[in-house]
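Working notes for the structure below.
Whatever order the structure lists them in is the order used to number ligands and atoms, beginning at 1. Note that the structure is a prediction, hence the values are computed from the model and not measured. Numbering starts at 1 and runs along the sequence shown.
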Amino acid sequence: QNEATSGEAVRFFAPEMASRRLRRLLLETELRGAIDSEQFVLYFQPLYNVVSGRMIAVEALLRWQHPTLGLIPPGEFIPVAEETGLIVPLGRRVLWEAAAEMEGWRRSGAFSGEVHVNISLRQFEQPDFVDQVRAVLEETGLPPSHLVLELTETAIMQNVEENVARLRMLKGMGVKLAIDDFGTGYSSLSYLHRLPVDTVKIDRSFVSAVHAAGDDAVIATAIIHLAHALGLNVVAEGVETAAQVEFLSSNACYDMQGFYFGRPMPKEELMKAMK
Ligand code: C2E
Ligand code: MG
Ligand code: MG
Ligand code: MG
């Protein structure tokens, strides 16, 4: 129970709360200084189709290597970047770099699949977001069908009319769209058919318990069937075991991403995985 007024609770919680607030403040300050530096590195995690055995896409995942604080995970700095608005310049850079890398692989013949890029709501809501995407495609030369933008359903549902209109514009340009962490939001099932998306990514929380034949397995199966009924692609996230691969493919979900296939890695390492 959170008893902030009790003397004992304050004595017990204050140092931890203060240090959390300090850490947050520290990250905010450091983030401002780091935006234009070399401290940010894009990692890439492969997505595989288990039928063809081929890598079909890669997801760009941002890493912050701070000179003194060490590696700070996105789960910690992305929320700070979102709250401060720094996600706008940072996200624009991620989009540009991911598209440029993908176009390099495509031109060299190393890999001709898709690159997935995570987009925060704050970034997506910029009035010129669609123009930014168009500019990135023009500058890098990447054909739009090789770019997949990942948004969470929670983000899309914030301002659904406007966001759906924006999604339509992107689709009109030929860019692909995926719903990330599907199943963790509130709106999911009833609204899915109204969203102009191509792909649904089943959240890791449903995938991890999938072989245990409990509720999570039922939910994962329902998501797969619903998505297919609506003509959407399904990717399972966070696949870690052969049993999960087995379960998912026996339920007609063949596109997978997770540590079982490969962790997020620097581009040099990914190039080796491309063969
Ligand atoms: P996400 O987009 O859902 O990305 C998948 C996350 O799951 C990644 O965490 C990935 O490393 C992790 N993952 C993949 N396979 C497995 C697995 O088999 N087991 C487990 N335990 N984890 C797995 P990561 O890289 O720490 O990123 C966390 C979140 O931070 C991402 O979740 C995404 O929401 C956000 N993020 C990362 N990069 C960016 C970015 O450039 N822009 C924005 N806006 N958000 C980003
Ligand atoms: Mg994602
Ligand atoms: Mg996800
Ligand atoms: Mg996520």
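Counting heavy atoms under 4.0 Å from ligand 1, residue Val117 does not touch it at all. Looking at Asp180 against ligand 1, only its side chain comes within 4.0 Å, counting heavy atoms.
The closest heavy-atom contact to atom 43 (C) of ligand 1, among the options Asn118, Leu151, Thr184, Val207, comes from Asn118. The nearest non-hydrogen atom to atom 23 (C) of ligand 1, considering only Phe259, Phe40, Phe77, comes from Phe259. For the residues Gln257, Glu237, Gln45, the heavy atom positioned nearest atom 15 (N) of ligand 1 is part of Gln45. The residue from Leu121, Val94, Asp203 that puts a heavy atom closest to atom 41 (O) of ligand 1 is Val94.
For Gly238, the closest heavy-atom approach to ligand 1 falls below 4.0 Å. Not a single heavy atom of Lys201 sits closer than 4.0 Å to an atom of ligand 1.
Rounded to 10°, the angle that OD1 of Asn118 and OE2 of Glu59 form at the Mg ion (ligand 2) is 90°.
Between Tyr43 and Glu59 there is no side-chain heavy-atom pair separated by less than 4.5 Å.
The N, O or S atom of Asp180 with the smallest distance to the Mg ion (ligand 3) is OD1. If you look at Glu237 and ask which of its N, O or S atoms sits nearest the Mg ion (ligand 3), the answer is OE2.
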Trace of the side chain to side chain donor-acceptor pair (under 3.5 Å) decision for Glu28 with Thr84: CA-CA 8 Å; Glu28 185 179 328; Thr84 55; 6.0 Å; no

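Under the 3.5 Å distance criterion, with hydrogens and angles disregarded, no donor-acceptor pair is assigned to the side chains of Glu103 and Thr140.
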